[in-house]
There are 4 protein chains.
Amino acid sequence: MRLTAPALFFNDCLVSHKESPMEAPTPRRRRKDARPAELLDAALDTFREKGFAATRMEDIAARAGVSKGTIYLYYPSKEAVFEALVRANLVPRIERIQALMATAQGPATERLHMMITAFAQVAADARLVALPKLVLAEAGNFPDLARFYRHEVIGRGLAIVAGILRGGMESGEFRALDPEVTARLFMAPMILAALWRTTFAPIEDAPLPPETLLRQHLDLFLRGLRPEPAS
Amino acid sequence: MRLTAPALFFNDCLVSHKESPMEAPTPRRRRKDARPAELLDAALDTFREKGFAATRMEDIAARAGVSKGTIYLYYPSKEAVFEALVRANLVPRIERIQALMATAQGPATERLHMMITAFAQVAADARLVALPKLVLAEAGNFPDLARFYRHEVIGRGLAIVAGILRGGMESGEFRALDPEVTARLFMAPMILAALWRTTFAPIEDAPLPPETLLRQHLDLFLRGLRPEPAS
Amino acid sequence: MRLTAPALFFNDCLVSHKESPMEAPTPRRRRKDARPAELLDAALDTFREKGFAATRMEDIAARAGVSKGTIYLYYPSKEAVFEALVRANLVPRIERIQALMATAQGPATERLHMMITAFAQVAADARLVALPKLVLAEAGNFPDLARFYRHEVIGRGLAIVAGILRGGMESGEFRALDPEVTARLFMAPMILAALWRTTFAPIEDAPLPPETLLRQHLDLFLRGLRPEPAS
Amino acid sequence: MRLTAPALFFNDCLVSHKESPMEAPTPRRRRKDARPAELLDAALDTFREKGFAATRMEDIAARAGVSKGTIYLYYPSKEAVFEALVRANLVPRIERIQALMATAQGPATERLHMMITAFAQVAADARLVALPKLVLAEAGNFPDLARFYRHEVIGRGLAIVAGILRGGMESGEFRALDPEVTARLFMAPMILAALWRTTFAPIEDAPLPPETLLRQHLDLFLRGLRPEPAS
DNA sequence: GATGAATGAGCCTTCATTCAT
DNA sequence: GATGAATGAAGGCTCATTCAT
């Protein structure tokens with residue numbers, strides 16, 4: 001089985017500002033365009049460290065190297081910063097995975113492997129995994145955001161996996177199970193590993209390497225999916 | 001396979017007040033003894049709804065039917081309320097599961113089933129599952145509490161499952177794997193289902209019944225653990 | 001010059017409870033009679049340590065060995081405790097000095113000496129000298145008390161000294177000066193030494209013994225009062 | 001004896017803001033520079049009226065014409081306001097007296113006279129004399145401040161007087177005494193007069209003019225210091 | 001656009017006072 | 001009389017937000 005690690009998968013900066021190559025922006029112009037992304041970048045780091053409530057606008061501003069008032073030129077409130085942060089960072093990721101999987105052609109087993117690899121890379125990015133935890137923690141105070149996250153991020157992720165599973169079941173590679181349920185079970189250890197890392201990393205004595213966990217997960221899971229021997 | 005659902009397992013009230021039958025407490029006295037539990041009860045509900053930071057002491061007090069100052073007769077700060085809440089509610093649960101599992105004698109497969117059943121009951125209690133999520137969300141601000149939770153709750157739970165798995169591997173019921181890693185993989189869907197419920201329940205259109213998920217998890221997992229046929 | 005140190009002058013407890021020898025009080029009865037004095041005693045110590053504002057009724061109660069509510073059986077408010085404390089402790093002192101001086105018969109010089117000795121004993125009692133400082137600090141918030149203190153304590157003290165001085169001037173022992181002004185000048189170092197002790201004692205490296213100060217004060221002052229030589 | 005009243009001695013405003021003539025500050029900027037001084041000014045008046053504990057930050061703010069929060073832009077706490085107030089106002093005064101006395105050349109008697117005159121001017125400023133009383137009253141709660149005041153204000157003042165006295169003793173102008181002790185005795189009536197004024201002024205029927213007191217003090221004191229006639 | 005001084009609503013916490021027992 | 005649980009007004013402090021420069 002070839003493990004096509006999508007090498008360039010998640011190595012761009014968190015908040016991408018797509019500068020069109022047509023224009024030649026003056027420094028001033030570029031600065032202005034980059035501002036929102038810089039602010040979200042600073043916001044993410046601060047939210048990660050302190051949580052949403054304990055983060056002060058001044059902290060974000062200081063980290064972004066601007067003054068407090070500047071944030072309000074781009075975002076009308078602290079809540080809006082948070083929402084923009086989550087919206088801007090997660091959908092592009094999931095869309096790339098979608099695109100990758102749409103073109104992938106191998107057997108379902110290999111494609112599940114790719115999913116795990118892709119996910120492992122996301123989970124390896126401490127800044128990125130902080131977002132789900134923030135959403136989790138603040139879902140009660142941001143119902144819109146929770147809905148957005150549920151549908152645009154989790155929903156898409158599960159759909160991808162369910163699609164792979166369905167393909168494998170139809171081709172006889174896997175035994176027949178409910179693909180939706182199975183997709184959740186497939187994702188669970190990965191999501192939890194990511195949350196775990198974010199939450200207990202600073203206090204863990206002997207952290208379990210995520211690769212070990214995910215490799216064994218795939219092993220167990222694929223065996224569990226194996227069709228019954230035709231006795 | 002007999003599913004011994006531990007029927008009386010988690011049906012007591014969250015914070016139990018053990019009134020000694022020896023004394024004949026005046027109403028005043030009885031009230032005082034019950035206060036801490038009433039306050040924690042109110043605090044849990046409020047934290048659940050709003051999260052730690054957004055909860056005002058006055059909210060807790062109002063829900064408990066007392067005035068703001070009364071809380072400070074029993075807990076020195078909002079942080080202390082939170083810590084007491086987590087400490088008081090989680091350890092007793094896990095200890096009961098420990099005790100149950102220590103005496104259980106059946107095959108490892110059945111004992112895993114019991115674990116899932118026990119856990120499903122905990123997860124069915126919406127108030128109870130709010131606690132792990134709160135810990136998750138606030139771990140950064142409460143390192144001591146995170147450590148406590150990691151060791152006294154998660155550590156114990158994993159140890160129980162790892163023990164069952166190790167027993168099954170030694171008896172040849174399961175194939176040989178790292179029990180620690182496998183224990184994490186066994187717990188992952190359950191924990192995530194609990195967090196899920198807490199986070200997305202209010203916005204979910206067609207929630208997946210936890211029983212469905214857990215039943216299939218056990219099915220997949222046990223197949224994955226099955227020893228290689230000695231072809 | 002004989003220094004009649006009034007040995008028994010200030011050695012009683014601060015708040016005297018005058019038990020009539022006629023009755024034979026039951027312990028209960030005695031306790032009840034003693035309560036106000038005990039409370040004031042405790043209040044004085046606590047005010048001394050923390051000042052009026054920073055003293056909590058509970059501190060006073062704890063030191064007196066009673067519960068918070070008990071204080072309110074005897075004094076209607078914290079202010080009332082303070083006022084009672086000042087009123088109860090200062091007038092008896094000054095009255096004794098008054099009585100002593102009324103019967104003293106020696107030359108004015110010796111009587112001034114007695115005043116200083118008497119005052120030195122008061123100033124040696126750290127608990128007692130705390131009262132003037134408290135009055136000073138709180139005078140703005142207790143105008144009635146300030147007036148009381150000014151007239152009943154300071155006024156009487158000055159009158160005694162002025163009387164001695166006037167006697168000395170009339171007898172030719174001292175030269176003629178305004179007795180009121182001179183009385184103030186005579187008292188100033190003593191009062192200041194007392195305040196000093198209360199304020200800077202905990203931070204002073206090499207405190208000046210009050211006796212040294214007062215001895216030299218008397219020396220300087222008496223020379224200053226000496227009549228002009230009838231050249 | 002020429003009484004060189006240092007006419008310009010203490011007639012500046014309490015908190016001076018030195019605006020550099022080089023810059024052309026915007027109104028906004030000028031305001032910001034002036035703020036700390038304005039706040040301390042308002043704080044002094046409020047502390048004078050109510051004492052430290054009974055003064056609310058809002059009182060200070062209102063008197064300074066700003067909002068509560070503004071104070072915290074300049075001082076981190078109420079304690080810090082108090083400390084800044086004392087530190088900013090007393091040291092400059094004492095330094096000026098030091099400078100004046102360092103250059104004074106007359107006989108010791110005349111220099112003592114100058115000290116009294118200088119002190120009388122300070123004592124005539126009701127706002128200024130409130131500070132020692134505040135320090136006295138709050139010393140227990142501000143040990144650092146008490147130490148500062150003891151060393152930087154009182155210590156310097158006593159050193160100046162002791163130096164004058166020592167000079168007079170060496171030149172034979174005064175008889176030989178311990179200069180440290182004598183300095184305290186020289187200062188006592190002045191300090192007490194200042195405290196007196198602050199404390200009992202509002203309730204005094206017939207206040208004694210400080211000049212009367214100080215003139216007679218000097219008279220008595222200088223006679224007391226006079227060398228023995230060589231019989 | 002950017003700044004940062006200023007605002008003021010809001011919250012945690014304290015504690016004098018009350019009153020049922 | 002004595003208790004101490006309960007109250008709730010008050011105040012120190014924070015910080016999201018505004019706006020004059």
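In what follows, every chain begins at residue 1, and chains take the letters A, B, ... in the order their sequences are listed. Being a predicted model, the structure only gives us computed values, none of them experimental.
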**Student:** Between A/I71 (CD1) and F/dT17 (P), how many Å, whole number?
**Tutor:** 10 Å
**Student:** Between E/dA2 and A/Y72, is there an OP1 or OP2 to side-chain N/O distance shorter than 4.0 Å?
**Tutor:** no
**Student:** Under 4.0 Å from OP1 or OP2 of E/dA2: is there any side-chain N or O of A/T70 that close?
**Tutor:** no
**Student:** Of B/E58 and C/A53, whose closest DNA chain E nucleotide lies nearer the 5' terminus?
**Tutor:** B/E58
**Student:** How close or far is atom P of F/dT14 from atom NZ of A/K50, stated in whole angstroms?
**Tutor:** 13 Å
**Student:** Between C/K78 (NZ) and E/dT17 (P), how many Å, whole number?
**Tutor:** 8 Å
**Student:** What nucleic acid atoms does C/Y75 come within less than 4.0 Å of, heavy atoms only: base, sugar-phosphate, or nothing?
**Tutor:** nothing
**Student:** Closest approach to the side chain of A/S77, judged atom by atom: which nucleotide of E/dA2, F/dT3, F/dT17 is it?
**Tutor:** F/dT17
**Student:** Roughly how many Å is it from CE in D/M57 to P in E/dG10, rounded to a whole number?
**Tutor:** 21 Å
**Student:** If F/dA10 has a Watson-Crick or G-U wobble mate with both distances under 3.5 Å, name it; if not, just say none.
**Tutor:** E/dT13
**Student:** When both hydrogen-bonding distances must be under 3.5 Å and the geometry is Watson-Crick or G-U wobble, what is F/dA20 paired with, if anything?
**Tutor:** E/dT3
**Student:** For D/D33 and E/dG4, what is the distance between atoms CG and P respectively, to the nearest whole Å?
**Tutor:** 14 Å
**Student:** Just the rounded figure in Å: distance from C1' of E/dT14 to CZ of D/R56.
**Tutor:** 16 Å
**Student:** Between A/T70 (side chain only) and A/V66 (backbone N and O only), is there a donor and an acceptor less than 3.5 Å apart?
**Tutor:** no
**Student:** Report yes if a side-chain nitrogen or oxygen of C/R35 is closer than 4.0 Å to either non-bridging phosphate oxygen (OP1 or OP2) of F/dA2; otherwise report no.
**Tutor:** yes
**Student:** If you find the nucleotide of DNA chain E closest to B/G69 and the one closest to D/G69, which residue's nucleotide is nearer the 5' end?
**Tutor:** D/G69
**Student:** Considering only side-chain heavy atoms of B/K68, which listed nucleotide, F/dA10, E/dT7, E/dT18, is closest?
**Tutor:** F/dA10
**Student:** I need the CG-P distance between D/L73 and F/dC15, as an integer number of Å.
**Tutor:** 13 Å
**Student:** Could you check whether any side-chain heavy atom of C/F47 comes within less than 4.5 Å of a side-chain heavy atom of C/I60, counting everything from C-beta outward?
**Tutor:** yes
**Student:** How many Å lie between OH on B/Y74 and C1' on E/dT13, as a whole number?
**Tutor:** 17 Å
**Student:** Between D/F52 and D/F142 (judged by ring centroids, cut-off 6.0 Å), do the two rings come close enough to count as a pair?
**Tutor:** yes
**Student:** I want to confirm an ordering. Mapping D/P76 and B/V66 to their closest nucleotides on DNA chain F, which one lands closer to the 5' end?
**Tutor:** B/V66
**Student:** Quick test of your reading of the model: are C/R63 and C/E49 salt-bridged, counting only N-O distances below 4.0 Å?
**Tutor:** yes
**Student:** Taking the side chain as every heavy atom from C-beta outward, state whether D/F148 and D/E83 have any pair of such atoms under 4.5 Å apart.
**Tutor:** no
